[in-house]
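Remarks on the structure that follows.
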Amino acid sequence: MDIYLLLYWEFFKIGLFCVGGGYASMPWIQAAVVDNYQWLTLNEFIDIFTISQMTPGPIGINAATFAGTKIAGFWGSIAATVGFVTPSLILCLGVTWLLKKYGDISAIKGILNGLRPAVIALIFAAGLSFLYLSVWNTETMPTDFSQFDTKGIIILALALIAVRRKMGVINLLALSGVLGLLLGIAGL
Amino acid sequence: MPENKMELQPGTRRFYWVLFKSTFLISAFTVGGGMVIIPLLKSKFVDEYGWIDDKETLDIVAIAQSMPGVMAINASIMLGYRMSGLMGTMVTLMATILPPLITMSLIALCYDLFAHNQYIQLVLKGMQCGATAIIINVVINLVQKLFKKKLLLPCLIFLGTMVAVLAFDVNLMYCVIVDGLIGLALLRNPKYN
């Protein structure tokens with residue numbers, strides 16, 4: 001298939017199935033872009049996620065733009081981004097119309113009530129692969145859990161304490177970056 | 001509606017320009033997702049220009065949150081539509097997605113230049129651990145909220161989906177379709193909302 005069409009279609013599906021906001025789009029993007037097509041490595045994907053936390057714009061759009069640019073240049077980023085927002089456009093206008101006509105969306109609410117817990121499970125699964133990469137430098141379940149990255153564990157533990165104490169996301173990521181640099185130079 | 005709000009009637013060329021400009025600027029300078037961007041859009045459209053009323057905006061936010069895709073984009077699509085039809089939608093949608101599209105294209109172009117530098121790699125590695133902590137925190141909060149409601153069925157859906165994805169590697173799409181159908185059949189009672 002034409003690469004632009006493929007980008008459009010894959011991000012269309014991501015836009016259609018990611019219910020529940022920014023974090024919920026990650027498992028979908030990861031499944032398509034990293035696992036299925038290998039357009040990005042898990043490392044690059046997490047970098048996009050990190051950058052998305054610090055720049056304006058939703059993760060979905062950022063990932064679509066980044067992956068699109070990397071795979072097929074400027075027009076690739078347009079194809080992926082437009083694909084990502086097409087389902088939103090159709091569904092939101094459709095629902096606005098339905099509401100006006102019938103005023104009842106209990107069926108849609110029911111579907112969403114079923115999806116919400118599922119989305120948590122999917123984010124959980126995506127979080128696990130982040131964890132594997134941060135601490136064991138592997139994208140899948142580590143075969144040997146004792147082969148961990150000391151630097152990774154130290155930063156992760158400190159970051160967890162900070163985030164539980166409600167430190168802002170940008171400060172947290174900036175400090176984690178500095179810590180990574182210092183510990184790396186120190187040779188850990 | 002006060003006099004000064006009447007100056008810019010929806011549908012005029014100047015209206016579209018102001019709509020584009022204000023949405024673009026809000027999208028360009030807001031870091032932190034839908035819950036930050038929507039109050040800003042509201043204060044512009046509702047409080048400053050009076051193009052749309054408070055109650056309608058709240059309805060839109062509720063729908064935007066529950067539709068697939070990104071909340072800020074869903075909201076901007078519907079706000080644009082309610083203010084001035086399809087043309088309004090196109091203007092707000094473009095103005096919302098252009099800033100991240102431009103920023104991210106530039107970053108994507110620079111990424112390859114910088115990402116192989118060993119010091120940058122150390123910084124990125126540190127940030128990865130920070131990002132992991134953020135995700136773990138999000139999951140903890142969501143799971144706590146889910147179990148605090150003490151509703152059996154949603155908890156079962158959560159555990160079932162987790163087993164399906166982690167132990168049996170089931171395609172995410174099948175999970176979502178099955179869970180959506182379960183919701184349609186069994187979770188229409190408002191207590192699950």
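Of the two parts of A:Thr69, only the side chain, counted from C-beta on, holds a non-hydrogen atom closer than 4.5 Å to a non-hydrogen atom of chain B. Of the two parts of B:Pro99, neither the backbone nor the side chain holds a non-hydrogen atom closer than 4.5 Å to a non-hydrogen atom of chain A. For A:Phe49, the part sitting under 4.5 Å from any heavy atom of chain B is the side chain, from C-beta outward, and nothing else. Residue B:Ile73 touches chain A through its side chain alone, counting heavy-atom pairs closer than 4.5 Å. For chain B, no part of A:Pro87 is nearby; none of its heavy atoms comes within less than 4.5 Å. For chain A, the nearby part of B:Met90 is the side chain; its heavy atoms alone come within less than 4.5 Å. Using a 4.5 Å cut-off between heavy atoms, B:Ile182 does not touch chain A at all. Residue B:Leu86 touches chain A through its side chain alone, counting heavy-atom pairs closer than 4.5 Å. Only the side chain of A:Phe84 comes within contact range of chain B, with heavy atoms under 4.5 Å apart. When heavy atoms are compared at a cutoff of 4.5 Å, B:Tyr81 approaches chain A solely by way of its side chain, counted from C-beta outward. A:Ile123 touches chain B through backbone and side chain together, each having a heavy atom under 4.5 Å away. For A:Leu179, no part sits under 4.5 Å from any heavy atom of chain B, backbone or side chain. Looking at B:Leu142, both its backbone and its side chain come within 4.5 Å of chain A, counting heavy atoms on both sides. Only the side chain of A:Leu172 comes within less than 4.5 Å of a heavy atom of chain B; its backbone N, CA, C and O stay farther away. Of the two parts of B:Leu186, neither the backbone nor the side chain holds a non-hydrogen atom closer than 4.5 Å to a non-hydrogen atom of chain A. With a 4.5 Å cut-off on non-hydrogen atoms, A:Leu175 does not touch chain B at all. Neither the backbone nor the side chain of A:Leu183 comes within less than 4.5 Å of any heavy atom in chain B. Of the two parts of B:Ile135, only the side chain, counted from C-beta on, holds a non-hydrogen atom closer than 4.5 Å to a non-hydrogen atom of chain A. The parts of A:Ala118 that come within reach of chain B are both its backbone and its side chain, each placing non-hydrogen atoms under 4.5 angstrom from that chain. Of the atoms belonging to B:Thr89, it is side-chain heavy atoms, and not backbone ones, that fall under 4.5 Å from chain A.
In the hydrophobic cluster analysis, where Ile, Leu, Val, Met, Phe, Trp and Tyr join through side-chain heavy atoms closer than 4.5 angstrom, B:Phe147 is grouped apart from B:Leu153. If you chain together hydrophobic residues whose side chains sit under 4.5 Å apart, B:Met173 and B:Val170 never meet in one group.
At a threshold of 4.0 Å, the pair A:Asp149-B:Lys125 counts as salt-bridged, since one of the basic side-chain nitrogens sits closer than that to a carboxylate oxygen.
Between B:Val176 and A:Leu115, the shortest heavy-atom distance links the atoms O-CD2, 3.2 Å. A:Ala159 approaches B:Cys129 most closely through the heavy-atom pair CB-O, 4.4 Å. Closest of all the heavy-atom pairs between B:Ile157 and A:Gly114 is CG2-O, 3.6 Å.
Remark: side-chain polar atoms of A:Asn113 are paired, donor with acceptor, to backbone N or O of B:Leu187 under 3.5 angstrom.
A 4.5 Å side-chain heavy-atom check between B:Ile120 and A:Leu181 finds every atom pair outside the cut-off. Counting heavy atoms from C-beta outward, A:Leu173 and B:Ile134 have side chains that approach closer than 4.5 Å. Within the 4.5 Å cutoff, the side chain of A:Asp47 has no heavy atoms near those of the B:Met127 side chain. A 4.5 Å side-chain heavy-atom check between B:Arg82 and A:Thr96 finds at least one atom pair inside the cut-off. In this structure, B:Ile140 and A:Arg164 have side chains that are in contact, with non-hydrogen atoms separated by less than 4.5 Å. You'll find the side chain of B:Val123 stays beyond 4.5 Å of the side chain of A:Val178, heavy atoms only. A heavy-atom distance below 4.5 Å is not found between the side chains of A:Arg116 and B:Tyr192. Side chains of B:Pro68 and A:Ser88 form no contact here, defined as non-hydrogen atoms less than 4.5 Å apart.
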Step by step, work out the side-chain contact (heavy atoms from CB on, under 4.5 Å) result for A:Ile51 and B:Ile107. CA-CA 9 Å; A:Ile51 295 167; B:Ile107 290 175; 3.6 Å; yes
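Note on A:Gly73, A:Pro117, A:Gly180: by heavy-atom pairs under 4.5 Å with chain B, the leading option is A:Pro117.
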